[in-house]
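What you see is a predicted model, and the numbers here were worked out from it, not measured in a lab. Start at 1 with the first residue, then count along the sequence.
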Amino acid sequence: MTGVCVVGAGFWAREMHLPALAKIPGVKIVSVVATSEESAKVAAGPYGARAFTDLEAAVADPEVDVVDVVAPPDVHLPAVLAAARHGRHAICIKPLGRTVAEADEMLAAVAAAGTRLFYAENVPFIPALQEARKLVDSGQIGDVFRVKACEGIGEPHSPWFFDPVRSGGGAILDMAVHSIEFCRFFAGAPVASVYADAGTFRWADRTTAEDTAVLTLRFANGVIGQCEDSWSLAGAMDSRFEVYGTQGRVLVDNLHRQPLQAVSESAGWSYPLPVPGLLADGHLDMLTHFIDRIRDGAPSKSDGHVGRDVLAVVEAALRSVASGRREEVAR
Ligand SMILES: NC(=O)c1ccc[n+]([C@@H]2O[C@H](COP(=O)([O-])OP(=O)(O)OC[C@H]3O[C@@H](n4cnc5c(N)ncnc54)[C@H](O)[C@@H]3O)[C@@H](O)[C@H]2O)c1
């Protein structure tokens, strides 16, 4: 049995991580930690788990093997450090931290403790994107030269998002991390440089952070990436991904019932293409992958280094917004 302590009892823990963890064979949700005992109890109750407000006490419980951090970004570093201190593995939701420096501190702590750190970014696990990846890997859209993602919502649902001290930033840190990881997943090379433009159009009365951002990435292999990310998309959320190759293209509109569309000159595909009936968001696949890698010790395709590399792109984007110039991504 693999014992999991979930840190956070809010929207994402209750709606995504707890229900997915409960479906994984051999996983026991041992405890839930939140700032209020009442909300911890509400989240823990359906799983027969214990409710805590004291992170240290929850993580110290010998039944806990893995700490799954699904709380605001200012909690990520202390929670991952607590996990490492007690010899527990950690799964940390996006963004890995508020800064690259925080990510480096996490990576050093888990390396010293001999534990593992997984980066909970669901985008590469989205079933339609897994299928898109198979199409790209089959070579039938030719060589990929451009990738593009759009991740937008109208308004963050909790006040902490608007406080850059707690959240670490605005739409670039909160939303573009998804788009950057999508682009990385399909470009197949590190991001070399970024040009970014951003502004605050809807929420200037609530935050100093940007609510709208456009990033142009240049990958080390020449591929161009485009990221359109926002907290300013009035009306409805958007989650779209595009891959352009020399012989075709793939479009994934993940919020639509038939998300995968593809065109290939050589294969003559018609679109849309069916996606096997899996969870549309990829959370069950992602958490199953992490639990499997803990059990078999094999490398993960989404470890802490992935989250750290995405943060390095975020920091280059923020430098670009400030300088008005293209900025190199620091290694
Ligand atoms: N697609 C995605 O992967 C996705 C989507 C939404 C949110 N998220 C991420 O999930 C995390 C949580 O977001 P949310 O939407 O659930 O927020 P939320 O505001 O709905 O809930 C936050 C929860 O964290 C708990 N919390 C706050 N401080 C804590 C502390 N010191 N110790 C323990 N618990 C604490 C609160 O009690 C609350 O239960 C954020 O990092 C966010 O970026 C990821």
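Centroid-to-centroid, the aromatic rings of F201 and W231 stay 6.0 Å apart or farther.
Here the NZ atom belonging to K148 is positioned 9.5 Å from the CG atom belonging to L251, to the nearest 0.5 angstrom. From I126, atom CD1 reaches atom CG of D281 across 7.5 Å, with rounding to the nearest 0.5 Å. Remark: S239 OG to E151 CD distance equals 3.5 Å, nearest 0.5 Å. Atom SG of C150 and atom CG of N254 lie 12.0 Å apart (nearest 0.5 Å). To the nearest 0.5 angstrom, F162 atom CZ is 8.0 Å from D211 atom CG. Atom CE of residue M16 and atom CG of residue L21 lie 13.0 Å apart, to the nearest 0.5 angstrom.
Proximity of R240 to V252: side-chain heavy atoms (C-beta onward) are nowhere separated by under 4.5 Å. Side-chain contact between M175 and I153 is present, with heavy atoms from C-beta onward closer than 4.5 Å. Side chains of F161 and P73 form no contact here, defined as non-hydrogen atoms less than 4.5 Å apart. The shortest side-chain heavy-atom distance between V69 and V6 does not fall under the 4.5 Å cut-off. Taking 4.5 Å as the limit, some side-chain heavy atom of E315 sits within range of a side-chain heavy atom of T99. At least one side-chain heavy atom of I294 sits under 4.5 Å from a side-chain heavy atom of V66. Using a 4.5 Å heavy-atom cutoff, the side chains of V32 and L18 are in contact. Between D61 and V30 the shortest side-chain heavy-atom distance falls below 4.5 Å.
Remark: the backbone N or O of G3 is paired with a side-chain donor or acceptor of D65 at under 3.5 angstrom. Listed for the Q130 side chain is a donor-acceptor partner under 3.5 Å among the backbone atoms of P124. Using a distance-only test at 3.5 Å, with no hydrogens or angles considered, no donor-acceptor pair links the side chain of S158 to the main chain of W160. Judged by distance alone, the side chain of D54 and the main-chain N or O of A57 form a donor-acceptor pair under 3.5 Å. One N or O on the side chain of R319 and one on the backbone of E328 form a donor-acceptor pair closer than 3.5 Å. With hydrogens and angles disregarded, no donor-acceptor distance shorter than 3.5 Å links the side chain of S320 to the backbone of A316. Looking at R98, its side chain does come within 3.5 Å of a backbone N or O of V165 through a donor-acceptor pair. Within the 3.5 Å criterion, the main-chain N or O of A149 finds no donor-acceptor partner in the side chain of Q226.
A single hydrophobic cluster is not seen to contain both I224 and V250; linkage of ILVMFWY side chains at heavy-atom distances under 4.5 Å, directly or through other members, places them apart. By the rule that hydrophobic residues join a cluster once side-chain heavy atoms approach within less than 4.5 Å of another member, I24 and F118 end up as members of one cluster. Residues F219 and L129 fall within the same hydrophobic cluster, defined by Ile, Leu, Val, Met, Phe, Trp and Tyr side chains chained together at heavy-atom separations under 4.5 Å. Criterion: ILVMFWY side-chain heavy atoms under 4.5 Å apart, direct or through other members. Under it, L217 and V321 are part of a common hydrophobic cluster. Both L77 and V59 are assigned to one and the same hydrophobic cluster, defined by single-linkage of ILVMFWY side chains at heavy-atom distances under 4.5 Å.
For the salt bridge (charged side-chain N to carboxylate O under 4.0 Å, His left out) test, residues two or more places apart in sequence or in another chain that qualify with R308 are D104. Qualifying side-chain hydrogen bond (donor to acceptor under 3.5 Å, both in side chains) partners for S302, counting only residues two or more places apart in sequence or in other chains: none. E210 meets the side-chain hydrogen bond (donor to acceptor under 3.5 Å, both in side chains) test with no other residue; sequence neighbours excluded. For F185, there are no ring pair (Phe, Tyr, Trp, His ring centres under 6.0 Å) partners at least two apart in sequence or on another chain. Scored by the side-chain hydrogen bond (donor to acceptor under 3.5 Å, both in side chains) test, R184 finds E181 as partners (sequence neighbours excluded). Legend: residues meeting side-chain contact (heavy atoms from CB on, under 4.5 Å) with P190, ordered by chain and number and at least two apart, are A220, R331. Contacts of H178 classified as side-chain hydrogen bond (donor to acceptor under 3.5 Å, both in side chains), with partners at least two apart in sequence or in another chain: E121.
Using a cut-off of 4.0 Å between Lys/Arg side-chain N and Asp/Glu carboxylate O, E63 and K28 are scored as salt-bridged. Ion pairing between R206 and E155 holds under the 4.0 Å rule for side-chain N and carboxylate O.
Across E327 and S323, no two heavy atoms sit closer than the pair OE2-OG, 2.7 Å. Looking at every heavy atom in both residues, K301 comes nearest to V306 through O-CG2, 3.9 Å. When all heavy atoms of V144 and I141 are compared, the pair lying nearest together is CG2-CD1, 4.4 Å. Residues C227 and I180 approach most closely at SG-N, 4.0 Å, considering heavy atoms. When all heavy atoms of A58 and F52 are compared, the closest pair comes out as CB-CG, 3.6 Å. Across every non-hydrogen atom of C92 and L117, the tightest pair is CB-CD1, 4.2 Å.
F145 shares a hydrophobic cluster with Y244; the chain of contacts runs through ILVMFWY side chains whose heavy atoms sit under 4.5 Å apart.
Of the N and O atoms on the side chains of E37 and T53, not one donor lies less than 3.5 Å from an acceptor on the other residue. Using a 3.5 Å distance cut-off with no hydrogens or angles, the side chains of S179 and D229 do pair a donor with an acceptor. Between the side chains of T212 and S232, a donor-acceptor pair is found at a separation under 3.5 Å.
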Working note: I91 + V67, criterion side chain to side chain contact (heavy atoms under 4.5 Å, CB included); need CA distance, chi angles, decisive distance, verdict. CA-CA 6 Å; I91 297 169; V67 177; over 6 Å; no
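The list of side chain to side chain donor-acceptor pair (under 3.5 Å) pairs with a residue in residues 8-17, not counting sequence neighbours, reads W12-H283, H17-D68. For the side chain to side chain donor-acceptor pair (under 3.5 Å) condition, the pairs that include at least one residue of residues 72-95, sequence neighbours left out, are E56-R85, E56-H86, D74-R166, K94-D174. Counting only residues at least two apart or in different chains, side chain to side chain donor-acceptor pair (under 3.5 Å) contacts with residues 185-203 comprise S193-R326.
The aromatic rings of F241 and F182 sit tilted relative to each other, their planes meeting at an angle between 30° and 60°.
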Show me the donor-acceptor pairs, under 3.5 Å and distance only, between side chains in residues 105-116 and residues at least two apart or in other chains.
from, atom 1, to, atom 2, distance (Å)
R116, NH1, R293, O, 2.9
R116, NH1, A298, O, 3.1
R116, NH2, A298, O, 2.8

